[in-house]
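In what follows, a single structure is set out as structure tokens and then discussed.
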Amino acid sequence: MQTIFEWDFRGQPSAGLPAILDQNIKEFGVGLGDEKQFSNDIVNGIIDHLSEIDDIIVKYAPNWPLEKITVMDRNILRIGIWEMKFNPDVPPKVAINEAIELGKSYGGIASGKFVNGVLGSLYKDMYPNGEPETEKNK
């Protein structure tokens, strides 16, 4: 989250993203081990699908232009949407819950509710008959 936040806060310099991630891992990720790859997967996944993810945010938060959503909330949504749509290893309900908790911890007073509203609406459209049962969400 820190890396995506910094990248967006700095104006989304594409060339600077690997350097931001490396610096954050050095500063905050001592002893992460395999989690470094997970961080890389999230960052690269968001960048690879950024326009599609941002289109989803715009669709599900129609009263909030993308640039008017706080940098923190916008990037929490990006992580949540990437996990829901592009990372089959994370059950969608877990992605939503994690994003809500990030919003409550790092966002503003209404961030948790805002994130829940956007991701909850996306979830309802993705699974109109309920999430299919798989080995991962049994």
Side-chain angles (χ1 to χ4, degrees):
M1 183 183 69
Q2 176 71 27
T3 298
I4 295 293
F5 174 87
E6 272 186 61
W7 164 81
D8 195 11
F9 185 79
R10 293 180 183 181
Q12 302 181 355
S14 58
L17 193 55
I20 294 170
L21 180 58
D22 288 343
Q23 177 58 38
N24 284 332
I25 288 173
K26 284 179 192 171
E27 189 172 341
F28 305 112
V30 177
L32 277 180
D34 291 341
E35 298 301 318
K36 288 181 186 178
Q37 184 59 48
F38 183 65
S39 297
N40 274 314
D41 290 347
I42 293 171
V43 168
N44 291 326
I46 290 170
I47 298 311
D48 290 346
H49 299 283
L50 185 63
S51 64
E52 186 176 352
I53 291 169
D54 284 353
D55 287 347
I56 291 168
I57 294 171
V58 169
K59 177 180 178 180
Y60 289 97
N63 296 327
W64 290 92
L66 191 63
E67 65 279 357
K68 297 292 184 186
I69 297 172
T70 68
V71 177
M72 184 58 70
D73 290 353
R74 183 170 54 235
N75 288 292
I76 290 170
L77 287 171
R78 285 174 173 154
I79 293 168
I81 292 168
W82 177 79
E83 287 183 331
M84 289 175 68
K85 297 275 294 175
F86 302 104
N87 186 355
D89 294 332
V90 178
K93 288 183 180 179
V94 172
I96 293 169
N97 188 55
E98 289 175 351
I100 291 167
E101 292 304 316
L102 286 171
K104 288 178 182 177
S105 296
Y106 299 103
I109 293 171
S111 292
K113 289 180 182 181
F114 178 66
V115 168
N116 185 35
V118 172
L119 297 183
S121 294
L122 172 60
Y123 179 87
K124 286 177 186 175
D125 283 353
M126 286 177 64
Y127 305 103
N129 300 318
E131 191 174 340
E133 193 163 311
T134 65
E135 287 300 314
K136 290 182 180 176
N137 64 6
K138 279 187 180 177

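Along the sequence shown, residues are numbered consecutively beginning with 1.
Scanning all heavy atoms of the two residues, the minimum distance from A99 to L119 falls at CB-CD1, 3.5 Å. Taking each heavy atom of M84 and A95 in turn, the nearest pair found is CG-CB, 3.8 Å. The two residues S39 and L21 make their nearest non-hydrogen contact at CB-CD1, 4.2 Å. Across all their heavy atoms, I69 and A61 have their closest contact at CD1-CB, 4.4 Å. Shortest non-hydrogen contact noted between G45 and W82 is CA-NE1, 3.2 Å.
Put simply, CG on L77 and OG on S111 are 9.0 Å apart, with the number rounded to the nearest 0.5 Å. Residue I4 holds its CD1 atom at 11.5 Å from CZ of R74, rounded to the nearest 0.5 Å. A distance of 6.5 Å separates CD1 in I53 from CD1 in I81, rounded to the nearest 0.5 Å. Interatomic distance, NZ of K85 versus CG of L122, reported as 6.5 Å (0.5 Å rounding). Taking CZ of R78 as the reference point, atom CZ of F5 lies at 11.5 Å (rounded to 0.5 Å). Atom CD1 of residue I79 and atom CD1 of residue I42 lie 6.0 Å apart, to the nearest 0.5 angstrom.
Note on ring orientation: taking the six-membered ring where Trp is involved, the planes of F86 and H49 are parallel (angle under 30°, cut-offs 30° and 60°).
Between W7 and V43, the closest side-chain pair of non-hydrogen atoms is not below 4.5 Å. Using a 4.5 Å cut-off on side-chain heavy atoms (C-beta onward), E98 and E83 make contact.
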Q: Begin with the C-alpha distance, continue with both residues' side-chain angles, and end with the deciding distance and a verdict on side-chain contact (heavy atoms from CB on, under 4.5 Å) for D73 and W64.
A: CA-CA 11 Å; D73 290 353; W64 290 92; over 6 Å; no
Q) What's the verdict on side-chain contact (heavy atoms from CB on, under 4.5 Å) for N87 and D41, showing C-alpha distance, side-chain angles and the deciding distance? A) CA-CA 9 Å; N87 186 355; D41 290 347; over 6 Å; no
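Heavy atoms of other residues, nucleotides or ligands lying less than 6.0 angstrom from OH of Y106 number 12 at most.
Listed by chain and number, the residues in a ring-ring contact (aromatic ring centres under 6.0 Å, His included) with Y60 amount to none (sequence neighbours excluded).
In this structure, the side chain of N75 engages the main chain of V71 through a donor-acceptor pair within 3.5 Å.
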